[in-house]
Number of protein chains: 2
Amino acid sequence: MTVTILVVEDEPAIQELIALNLKREGYMTLSALSADNAMQLINNVLPDLVLLDWMLPDTPGIEFARRLRREERTKAIPLIMLTARIDENDKIAGLEAGADDYITKPFSPRELIARIKAVLRRRLPEMSDEVLELGGLRLDPVSHRVHACNDGFSDLAEINLGPTEFRLLHFLMAYKERVHTREQLLDRIWGDHVFIEDRTVDVHIRRLRKILESVGKENLVQTVRGTGYRFSVTPN
Amino acid sequence: MTVTILVVEDEPAIQELIALNLKREGYMTLSALSADNAMQLINNVLPDLVLLDWMLPDTPGIEFARRLRREERTKAIPLIMLTARIDENDKIAGLEAGADDYITKPFSPRELIARIKAVLRRRLPEMSDEVLELGGLRLDPVSHRVHACNDGFSDLAEINLGPTEFRLLHFLMAYKERVHTREQLLDRIWGDHVFIEDRTVDVHIRRLRKILESVGKENLVQTVRGTGYRFSVTPN
DNA sequence: AGTAAACGTTACATTTTTATGACACCCTAT
DNA sequence: ATAGGGTGTCATAAAAATGTAACGTTTACT
């Protein structure tokens, strides 16, 4: 899945450098040179993660972070702060303002990438490109493939899913053993504020189940009556 | 593919020594005794990698590194810094400026070569001159040739590819079993920020497939609907 | 048991995404 | 100049995926 990262950094050179390194890793990037700039951008495209320079010209980084956290639409976005100071107070203030992690400048590209991956793994598991193995299924986001390890070891049947079914399964597996309402699924799999019927989720669940049944994997996608759906390893 | 390495080093003796070692490994070398000198050279020939001395007479190495990173044409070039100091701060500053690696003097030719290869492998696997053998194909970047080893050993049919198809296949094979979006392919095969339609990728994929089919190699280049393309040995 | 709400299933029209062939342009070597 | 291969773009065909509505089943509760 393509992760979009917003970089809020006023120094063009560093901005470029960061963007370059992110692209090399396969992330999409959005660039903002100021907090205001960033806010405008966010109105159009909702990024999956924000890299925020602590020291910005107009608004201090922390102020921007607070604003992000205040609004419903943006308050769940993972946030990593970039700071030149090693001041313990700043670190605390940053984390208090809702930062998921922080990096002190100067930092190496490798460290940057490592921290981003760590935050994604924690906050947005469905975007972290990790292979998921659960309930006899093996989903690899990188090669975009799903296999069924039929109760043991021998045959690994390949499972062919359509784009939406793939994302759906990916999401459900990433957040296993949790119920998701149809609305939540629409929001997070289809995207922000799509105008789609709730019942459509049922249909895609059906399609997913059908394919899973065809390789003998039943009861993995479970209905929670009155609420929604859940991926679970225990039968029901 | 011949890798061209630019060596920016003011001391002629070391310059010579490095160039000699690189040549022995089969790299092409460009020499610059100063940053200005290097900039001029780069205007004519774009190197695939830059070896940069930290202490230069006119411009400090780090300044040159920043300049490299700032310009569109040069910002993706892998960069290795040579430094005499063992100061950790320098190391960090260098990495921040976009260096991929650094070597502290004095260093052995072997270490130098090893680091260059490591950086190339990481940054430009499709340039690392390694022969790739996958799915009954044998691609040799050095001789710029592709052969089809038809399911065994006997006949090695030579495959004739156009430049773009060759690079495309090379890239796909270098990153096998991974899905690539059309954008990623454009970025890494055509070059950063080229103004080319996404759909053009389809056409080149088509041309590549056509040629592969003609030697009985089908299903190696696979479509991942909704995402992009993938080179894979397993049928699909 | 009866009933309404929630969920499952199917069919289908539409939209979206890819595949493919044709074509014009641009180099390069003759 | 000119032939020829290589490229990018476009139009159109073909395939696949998607959202909805309609109808069948199950479930919870009276």
Side-chain angles (χ1 to χ4, degrees), chain A residues 1-2 144-146 158-172 179-191 193-214 218-232 236, chain B residues 144 146 158-172 179-214 218-232 236:
Chain A
M1 184 163 304
T2 308
H144 210 273
R145 285 192 138 139
V146 184
E158 167 131 23
I159 302 174
N160 237 312
L161 298 169
T164 305
E165 278 74 53
F166 185 89
R167 282 187 316 234
L168 180 55
L169 178 61
H170 191 181
F171 182 85
L172 289 175
V179 205
H180 307 279
T181 66
R182 293 175 176 71
E183 281 179 47
Q184 287 171 340
L185 292 173
L186 282 176
D187 267 10
R188 304 207 44 188
I189 298 174
W190 274 255
H193 289 260
V194 246
F195 145 74
I196 287 179
E197 296 290 322
D198 273 18
R199 285 359 249 356
T200 298
V201 175
D202 298 28
V203 177
H204 282 278
I205 288 281
R206 159 76 179 133
R207 285 168 182 156
L208 177 55
R209 279 175 175 164
K210 206 171 196 173
I211 298 171
L212 290 181
E213 279 169 23
S214 74
E218 311 179 7
N219 289 95
L220 286 174
V221 179
Q222 304 170 352
T223 301
V224 179
R225 212 185 156 76
T227 308
Y229 298 97
R230 165 183 66 193
F231 185 98
S232 174
N236 204 336
Chain B
H144 210 271
V146 185
E158 168 134 20
I159 302 174
N160 237 314
L161 296 170
T164 305
E165 277 74 52
F166 184 87
R167 280 187 318 229
L168 180 55
L169 180 60
H170 192 180
F171 181 84
L172 289 175
V179 205
H180 307 279
T181 65
R182 294 177 176 71
E183 278 181 60
Q184 287 170 340
L185 292 173
L186 281 176
D187 266 11
R188 307 220 28 195
I189 297 175
W190 276 256
D192 223 13
H193 285 267
V194 237
F195 161 67
I196 288 179
E197 296 290 322
D198 274 18
R199 294 278 138 225
T200 299
V201 175
D202 297 30
V203 178
H204 282 277
I205 288 280
R206 159 79 180 129
R207 286 167 182 159
L208 176 55
R209 278 175 175 164
K210 209 170 195 172
I211 298 171
L212 291 180
E213 278 169 24
S214 74
E218 311 180 6
N219 289 95
L220 287 174
V221 179
Q222 304 169 351
T223 301
V224 178
R225 220 149 214 285
T227 306
Y229 297 97
R230 164 183 67 194
F231 185 98
S232 175
N236 202 337

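Fair warning: this is a prediction, and the values are worked out from it, not measured in the lab.
- At whole-Å resolution of the value, CD1 in A:I205 and P in C:dG8 are 8 Å apart.
- Considering only the side chain of A:H204, D:dT18 comes nearest among D:dT20, D:dT18, D:dT27.
- If you take CG on A:L161 and CZ on A:R145, they are separated by 12.5 Å, rounding to the nearest 0.5 Å.
- Atom CG in A:L185 sits roughly 16 Å away from atom C1' in D:dG19 (whole-Å rounding).
- The interatomic distance linking B:L186 (CG) with D:dG8 (C1') rounds to 11 Å, in whole Å.
- Rounded to a whole Å, the CD1 atom of B:I211 is 13 Å from the C1' atom of D:dT7.
- Open room surrounds CD on B:E183; 12 or fewer heavy atoms of other groups in view lie less than 6.0 Å from it.
- B:F166 and B:H144 have parallel rings, their planes meeting at less than 30° on a 0 to 90° scale where 60° marks the start of perpendicular.
- The CG-P distance, from B:L208 to D:dT7, rounds to 12 Å in whole Å.
- Separating the CD atom of A:E197 from the P atom of C:dA6 is a distance of 15 Å, rounded to the nearest angstrom.
- Within 4.0 Å (heavy atoms only), B:V201 reaches no atom of the nucleic acid at all.
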Short N/O separations, protein against nucleotides 20-30 of chain C, under 3.5 angstrom:
unit_1, atom_1, unit_2, atom_2, d
C:dG21, OP2, B:R206, NH2, 2.5

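- Nearest to the side chain of B:R225, among C:dT17, D:dC10, D:dT7, sits C:dT17.
- Across every non-hydrogen atom of A:V201 and A:Y229, the tightest pair is CG1-CE1, 4.2 Å.
- Out of C:dA19, D:dA17, D:dG19, the shortest distance to the side chain of A:W190 is found at D:dG19.
- B:R209 places a side-chain N or O within donor-acceptor distance of the main-chain N or O of B:V221, the cut-off being under 3.5 Å.
- Backbone-only contact: B:T223 has heavy atoms under 4.0 Å from sugar-phosphate atoms and none from a base.
- Residue A:E165 forms a side-chain hydrogen bond (donor to acceptor under 3.5 Å, both in side chains) with just one option from A:K210, A:H170, A:H204, A:R206, and that option is A:H204.
- For the pair B:I196 CD1 and D:dC10 C1', the interatomic distance rounds to 15 Å; values are reported in whole Å.
- Per the geometry, CG belonging to A:N160 stands 10 Å off P belonging to D:dA16, to the nearest Å.
- Distances from the side chain of A:T164 to the nucleotides D:dA15, D:dG19, D:dT18 place D:dT18 closest.
- Along DNA chain D, the nucleotide closest to B:G162 and the one closest to A:R167 are compared, and the more 5′ of them pairs with B:G162.
- The two residues B:R225 and A:P163 come nearest to each other via the heavy atoms O-CG, 3.6 Å.
- Within the nucleic acid shown, A:F166 has no heavy atom closer than 4.0 Å to any nucleic acid atom.
- A close approach under 4.0 Å does occur between a side-chain nitrogen or oxygen of A:Y229 and OP1 or OP2 of C:dG8.
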